[in-house]
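To start, the structure itself, in structure tokens.
No experiment lies behind these values; they were computed from the predicted model shown. All residue numbers in this chain count up from 1 along the given sequence.
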Amino acid sequence: MNKSLTFRFMNEEDIDDVLEIEHKSFATPWSREAFFNELTQNQFALYIVLEEENKVIGYCGAWIVVDEAHITNVALLPEYRGRKLGEALMRKLMEIASEMGAITMTLEVRVSNFTAQALYRKLGFQNGAIRKNYYTDNQEDALVMWVNL
């Protein structure tokens, strides 16, 4: 990885940058209030950002409850995709979650998002259940995936 890339914990000052990534990545992006509440009110939340030369280019979040981490979202600015940076973000979050006592990790992914599914399988995730009509924008099903950390 490039030396100008750094990981750090997300803070309130990152919300504008993260919202830009959200809006460029998801059909139903989270709101400013949602991220603010995650950072200030949710004792289970863990969010990291990836920076290139002090610009936030990606982020990843999870809820860590007892010994399980649940990925809430992971995204990169479109122009940074395809460079293994999503993999790096996920690996870093998996490492931190494990250090915090998580022994398993789960996530939901659109059944049509084969690119993300391939990345998660590369990281050791296995297929679990299907959540019917999970996504509110088009009622697409979600594939639940999990991994032992």
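The side chain to side chain donor-acceptor pair (under 3.5 Å) search around Y120 returns none, not counting sequence neighbours. The salt bridge (Lys or Arg N to Asp or Glu O under 4.0 Å) check on R91 picks up E87, with sequence neighbours excluded. Every residue was checked against the side chain to side chain donor-acceptor pair (under 3.5 Å) condition with N54, not counting sequence neighbours, and none meets it. With sequence neighbours left out, N37 forms a side chain to side chain donor-acceptor pair (under 3.5 Å) with no residue at all. Not counting sequence neighbours, the partners of R81 by the side chain to side chain contact (heavy atoms under 4.5 Å, CB included) test are S25, L76, P78. Residues satisfying the side chain to side chain donor-acceptor pair (under 3.5 Å) test with K55, not counting sequence neighbours, are none. Taking A97 as the reference, I64, A69, A102, M105, L149 meet the side chain to side chain contact (heavy atoms under 4.5 Å, CB included) condition, with sequence neighbours excluded.
In this structure, the separation between CD1 on I15 and CE on M10 is 5.5 Å, given to the nearest 0.5 Å. Note that the CZ atom of R83 and the CD1 atom of I57 stand 6.0 Å from one another [nearest 0.5 Å]. In this structure, OG1 in T40 is found 12.0 Å from CG in N11, a value given to the nearest 0.5 Å. Remark: L85 CG to K92 NZ distance equals 14.5 Å, nearest 0.5 Å. Atom CG of L93 is separated from atom CG of L50 by 12.0 Å, given to the nearest 0.5 angstrom. The distance from atom CG of N138 to atom CD of E140, rounded to the nearest 0.5 Å, is 5.0 Å.
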Exercise for the section: Give the intermediate values and the outcome of side chain to side chain contact (heavy atoms under 4.5 Å, CB included) for residues K122 and M90. Expected result: CA-CA 11 Å; K122 180 178 181 181; M90 287 288 297; over 6 Å; no
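Among all heavy-atom pairs drawn from R110 and Q117, the shortest one is O-NE2, 3.0 Å. Q139 and T136 get closest at one heavy-atom pair: NE2-O, 3.3 Å. Minimum heavy-atom separation, I21 to A75: CG2-CB, 3.6 Å. Residues A88 and F7 approach most closely at O-CZ, 3.6 Å, considering heavy atoms. Taking every heavy atom of both residues into account, V49 and V18 meet most closely at CG1-CG2, 4.3 Å. For L89 against G58, the heavy-atom pair with the smallest separation is CD1-C, 3.9 Å.
Contacts classified as salt bridge (Lys or Arg N to Asp or Glu O under 4.0 Å) and involving residues 40-50 (residues at least two apart or in different chains) are not found. Each ring pair (Phe, Tyr, Trp, His ring centres under 6.0 Å) pair with one or both residues in residues 129-149, not counting sequence neighbours, would appear here, but there are none. Pairs of residues two or more places apart, or lying in two chains, that qualify as side-chain hydrogen bond (donor to acceptor under 3.5 Å, both in side chains) and include a residue from residues 60-72 are E38-W63, Y47-T72, H70-T106, H70-E108. The salt bridge (Lys or Arg N to Asp or Glu O under 4.0 Å) pairs that include a residue from residues 98-107 number zero, where partners must be two or more places apart or lie in different chains. For residues 19-31, the set of pairs meeting the salt bridge (Lys or Arg N to Asp or Glu O under 4.0 Å) definition, not counting sequence neighbours, comprises E20-K24.
Grouping the Ile, Leu, Val, Met, Phe, Trp and Tyr side chains by contacts below 4.5 angstrom, directly or via other members, places I71 with I130. No single ILVMFWY cluster, assembled from side-chain heavy atoms under 4.5 Å apart, contains both V144 and V111. In the hydrophobic cluster analysis, where Ile, Leu, Val, Met, Phe, Trp and Tyr join through side-chain heavy atoms closer than 4.5 angstrom, V147 is grouped apart from I103. The hydrophobic clustering, which links ILVMFWY residues whose side-chain heavy atoms are closer than 4.5 Å, places V66 and F44 together.
The side-chain heavy atoms of V74 and L107, taken from C-beta on, include no pair separated by under 4.5 Å.
At most 12 non-hydrogen atoms from other residues, nucleotides or ligands lie less than 6.0 angstrom from CZ of F9.
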